[in-house]
Amino acid sequence: MCGIVAYLGNKPAVPLLLEGLKRLEYRGYDSAGIATLTDQGLEIVKAVGRVANVEAKIEAQGGLPGSQGLAHTRWATHGGVTEANAHPHRDDRNGICLVHNGIIENYASIRRLLEDKGHSFYSETDTEVLAALVGELYDPAHGLDLEKSVQAALREVTGAYAIAVMCEREPGVMVCARKGSPLLVGVGNGEYVVASDPAAIIAHTAQAVSLDDYNVCRITRDGFRTTTIDNIELTPKVMQLEMDLEQIELGAFDHYMRKEIYEQPKALRTTMRGRLDEKEGRVVLGGLLTLAPQLVKSRRVILTAQGTALHAAMIGEYLLEDLAKIPAECEYASEFRYRNPIIEDGTVMIAVSQSGETADTLAALHEAKDRGALTLGVINVVGSTMSRVTDAGVYLRVGPEIGVASTKAFTGQVAALTMIALFMARRRLMSPEASARLMGELAQIPDKIERCLAFDDQIRQVTEKYVHRENWLFLGRGYNYPTALEGALKLKEISYIHAEGMPAAEMKHGPIALIDEGMPVVFIANKGNQYDKVMSNIAEVRARGGHVIAVATEGDEEIRHYAEDVLYVPDIPECLSPMLTVVPLQLLAYHAAVLRGHDVDKPRNLAKSVTVE
């Protein structure tokens with residue numbers, strides 16, 4: 001949820017660190033800080049707010065020297081948003097300087113122990129406690145150099161961490177480690193860039209090592225080595241980062257969210273490329289081929305996720321039951337872990353996550369795996385933790401998503417889950433002809449999204465009419481009930497308008513009491529099996545003075561008599577419709593945030609990847 005960048009090489013560190021922080025600011029933007037290390041010691045600059053505030057302070061003091069440094073942009077967990085709580089943190093004795101993502105769960109007991117030993121603390125954070133613990137253990141005279149003291153400290157902590165550490169007494173050395181929070185070591189020519197996200201690395205090198213849990217990496221300008229926290233040496237695997245700078249630049253767009261909404265046609269073409277064999281009526285998913293016999297014989301599927309990914313997983317539940325005729329259920333990952341879930345023989349768990357690092361989803365995945373489930377991942381980030389711990393999976397291939405409010409990852413997840421459902425359906429009971437017909441419709445989705453985007457100006461005009469209203473309802477049935485949830489979430493996330501999504505039939509079981517004169521109620525009313533029922537729900541809202549905004553199928557003129565505003569999407573089989581009906585809702589939320597003057601890409605209190613529970 002926070003962003004780490006660290007550098008060790010021969011260039012001035014600060015320009016590179018600032019550039020990296022700006023690329024990672026979507027991961028946390030409560031406060032930020034930079035530390036550099038030279039032979040003269042540590043220099044640290046921190047500021048509340050955006051990275052630009054740190055940059056201004058550095059410029060005001062004439063810069064920071066050094067070709068070794070740590071940087072961090074924070075999303076507050078322990079302690080308020082203050083300069084004292086911002087990273088980097090240092091200990092009170094040995095010049096240990098540290099940046100940290102994650103949560104040290106036993107920090108309070110460690111802090112009391114260290115206070116008993118005479119240590120003093122200036123912040124409320126768990127991170128400063130970890131820095132002090134490393135400092136307490138640091139004793140080069142008895143073999144505990146920086147690497148060994150970090151290893152020893154990490155053997156004493158519980159929780160999640162990605163850290164980068166340096167020490168005044170060992171210039172030219174950097175140590176990093178991870179457990180439960182992502183960390184990459186970018187390997188250049190005589191230089192190293194450590195980061196929690198490849199976006200901060202790709203401008204400098206496309207070669208990186210992704211650390212696994214309990215890995216520690218010691219870096220000097222001459223090379224690096226990786227070990228476990230028990231000092232067992234490892235052989236690192238250097239991978240090629242699948243990202244380029246153009247993908248993470250704004251280009252002609254004002255905001256990343258708008259760019260990513262407009263990238264959806266291209267992204268989905270990439271997601272489906274080489275995976276739809278319409279001639280044979282088969283979906284080709286290389287990551288699942290070796291497990292095809294087990295998937296065909298599976299007796300139950302559990303889908304688990306959080307946030308937007310959960311809404312995609314809910315659509316996956318409908319798809320698996322409808323197309324593959326297999327019992328499926330969708331679970332909040334955060335609830336699954338803390339229940340006593342029943343995992344029977346033949347159970348498959350599908351974990352859905354853009355980042356592949358979502359803490360709750362990873363915890364649910366481990367729980368299901370420990371109980372014997374076959375595990376699949378639907379993930380966007382190559383090399384992420386989830387991709388390494390699942391038995392198999394499907395990459396989205398939609399490219400990096402920078403905007404905090406997910407858009408193209410959602411449609412990519414739904415497309416991937418559709419292909420998984422077809423992969424299983426064709427092998428279980430679906431005829432080649434039926435499969436080929438649906439695959440043909442799926443292949444048309446990118447072109448049809450482009451037609452949805454052509455109504456952008458109209459959607460903005462509709463948004464202007466209602467943007468002053470503070471309470472909205474989003475209603476849908478069947479496949480588009482999860483879409484209604486997603487539309488409400490988008491509006492809440494970036495415009496701060498209170499919105500609720502629910503099944504349209506549920507409205508009259510209580511929430512109808514909320515409807516007053518002029519209240520905006522968004523109905524997903526595309527043609528489908530429950531269209532007439534939705535029309536009845538629209539009549540109920542109108543009778544109580546609500547203003548209906550309908551997302552409807554092109555050519556449906558009847559609905560104009562029942563809705564104040566209609567946003568059309570092309571006709572498509574109902575099971576594929578969420579990938580179209582969600583697009584007007586994404587644009588509606590985007591325009592609402594812009595019209596209300598909010599920071600679209602960095603909404604308050606939110607971060608892109610939730611890597612702590």
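Both backbone and side-chain heavy atoms feed into the values below; hydrogens, waters and symmetry mates do not.
Atom CD of Q306 sits about 12.5 Å away from atom CZ of F336, to the nearest 0.5 Å. Taking CD from E574 and CD from Q530, the interatomic distance works out to 7.0 Å, rounded to the nearest 0.5 Å. Rounded to the nearest 0.5 angstrom, L310 CG and Q413 CD are separated by 10.0 Å. Here K602 contributes atom NZ and Y256 contributes atom OH; the two are 7.5 Å apart, rounded to the nearest 0.5 Å. For the atom pair I326 CD1 and R300 CZ, the distance stands at 10.5 Å (nearest 0.5 Å). With values rounded to the nearest 0.5 angstrom, L17 atom CG is found 9.0 Å from Y7 atom OH.
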Begin from the C-alpha positions of Q458 and L567 and carry the test side chain to side chain contact (heavy atoms under 4.5 Å, CB included) through to its verdict. CA-CA 8 Å; Q458 180 202 347; L567 308 175; 3.8 Å; yes
Salt bridge (Lys or Arg N to Asp or Glu O under 4.0 Å) between R339 and E335, worked out: CA-CA 7 Å; R339 290 172 34 225; E335 292 297 317; over 6 Å; no
Where do M502 and L473 land on the side chain to side chain contact (heavy atoms under 4.5 Å, CB included) test, with the steps shown first? CA-CA 8 Å; M502 64 189 69; L473 283 179; 3.8 Å; yes
Pair S210-R388, side chain to side chain contact (heavy atoms under 4.5 Å, CB included): steps then yes or no: CA-CA 11 Å; S210 181; R388 299 197 299 274; 3.2 Å; yes
I'd like to know whether L587 forms a side chain to side chain contact (heavy atoms under 4.5 Å, CB included) with L453, so could you lay out the CA-CA distance, the side-chain angles of the two residues, the decisive distance to 0.1 Å, and finally the verdict. CA-CA 9 Å; L587 288 168; L453 294 172; 4.2 Å; yes
Assess the residue pair D213 and R178 against the criterion (salt bridge (Lys or Arg N to Asp or Glu O under 4.0 Å)); give the C-alpha distance rounded to whole Å, side-chain angles, the decisive distance to 0.1 Å, and a yes or no. CA-CA 6 Å; D213 282 354; R178 74 153 281 180; 3.0 Å; yes
Audit row: R258, D456, salt bridge (Lys or Arg N to Asp or Glu O under 4.0 Å) steps and yes/no: CA-CA 11 Å; R258 185 179 179 87; D456 193 355; 2.9 Å; yes
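S353 and T358 make their closest contact through OG-OG1, 2.9 Å (heavy atoms, listed as atom of the first residue, atom of the second, distance). Closest of all the heavy-atom pairs between P482 and M314 is CG-CB, 3.7 Å. Annotation for E19 and A203: closest pair OE2-CB, 3.8 Å, computed over non-hydrogen atoms. Taking both residues in full, the closest heavy atoms of Y395 and V382 are given as CE2-CA, 3.5 Å, listed atom of the first, atom of the second, then distance. Considering all non-hydrogen atoms of both residues, L183 and S196 come closest at CD1-N, 4.1 Å. Taking both residues in full, the closest heavy atoms of A324 and M424 are given as CB-CB, 4.1 Å, listed atom of the first, atom of the second, then distance.
Considering V394, L422, L291 as possible partners of L285, the one that fulfils the side-chain contact (heavy atoms from CB on, under 4.5 Å) test is V394. Of the listed residues (I302, L320, T375), just one forms a side-chain contact (heavy atoms from CB on, under 4.5 Å) with I350, and that residue is L320. A side chain to side chain donor-acceptor pair (under 3.5 Å) with R50 is found for one member of T73, D599, D30 and no other, namely D599.
Residues satisfying the salt bridge (charged side-chain N to carboxylate O under 4.0 Å, His left out) test with R397, not counting sequence neighbours, are none. Not counting sequence neighbours, the partners of E367 by the salt bridge (charged side-chain N to carboxylate O under 4.0 Å, His left out) test are R371.
Side-chain contact, S406 with E401: a donor N or O sits under 3.5 Å from an acceptor N or O. Side-chain contact annotation: T581 with N526, donor-acceptor N/O pair under 3.5 Å absent. Side-chain contact of E331 with T304: a donor-acceptor pair under 3.5 Å is absent, judged by distance alone. Between the side chains of T308 and K490, at least one donor-acceptor pair of N or O atoms lies under 3.5 Å. No side-chain donor from either of Q586 and T407 sits under 3.5 Å from a side-chain acceptor of the other.
Residues V209 and N215 form no side-chain contact, since every pair of their non-hydrogen atoms from C-beta on lies 4.5 Å or further apart. Considering only heavy atoms from C-beta on, F474 stays 4.5 Å or farther from L485 through its side chain. Considering only heavy atoms from C-beta on, I379 stays 4.5 Å or farther from L396 through its side chain. Using a 4.5 Å heavy-atom threshold, the side chains of V5 and V194 count as separate. Considering only heavy atoms from C-beta on, T390 comes within 4.5 Å of L365 through its side chain. Contact of the L376 side chain with the L295 side chain is registered, since non-hydrogen atoms from C-beta on lie closer than 4.5 Å. Put simply, the side chain of C176 reaches to within 4.5 Å of the side chain of L211, judged on heavy atoms. Residues M579 and T418 meet the side-chain proximity criterion, which asks for heavy atoms closer than 4.5 Å.
Side chain of H72 to main chain of H100: a donor-acceptor pair is present (N/O by atom type, distance under 3.5 Å, no hydrogens or angles). Checking side-chain atoms of R427 against main-chain N and O of V296 turns up no donor-acceptor pair under 3.5 Å. Between the D601 side chain and the M257 main chain, a donor and an acceptor come within less than 3.5 Å of each other. With hydrogens and angles ignored, the 3.5 Å screen pairs a side-chain donor or acceptor of E357 with a backbone N or O of T385. For the pair E260 (side chain) and G403 (backbone), a donor-acceptor distance under 3.5 Å is present. Of the possible polar contacts, none joining the K408 side chain to the L268 backbone as a donor-acceptor pair under 3.5 Å is found. Judged by distance alone, the side chain of K179 and the main-chain N or O of G159 form a donor-acceptor pair under 3.5 Å. Checking side-chain atoms of T205 against main-chain N and O of V187 turns up a donor-acceptor pair under 3.5 Å.
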Distance-only donor-acceptor pairs under 3.5 Å for side chains of residues 435-448, two or more places apart:
from	atom 1	to	atom 2	distance (Å)
S435	OG	G281	O	2.7
D447	OD1	R269	NH2	2.7
K448	NZ	D571	O	2.6

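Heavy atoms of other residues, nucleotides or ligands lying less than 6.0 angstrom from OH of Y214 number 12 at most. Counting non-hydrogen atoms of neighbouring residues, nucleotides and ligands closer than 6.0 angstrom, the OH atom of Y332 reaches no more than 12 such neighbours. For R299, the CZ atom sits in a loose shell: 12 or fewer heavy atoms of surrounding residues, nucleotides or ligands are nearer than 6.0 Å.
Classification of the Y590-H255 ring pair by plane angle, with boundaries at 30° and 60°, yields perpendicular.
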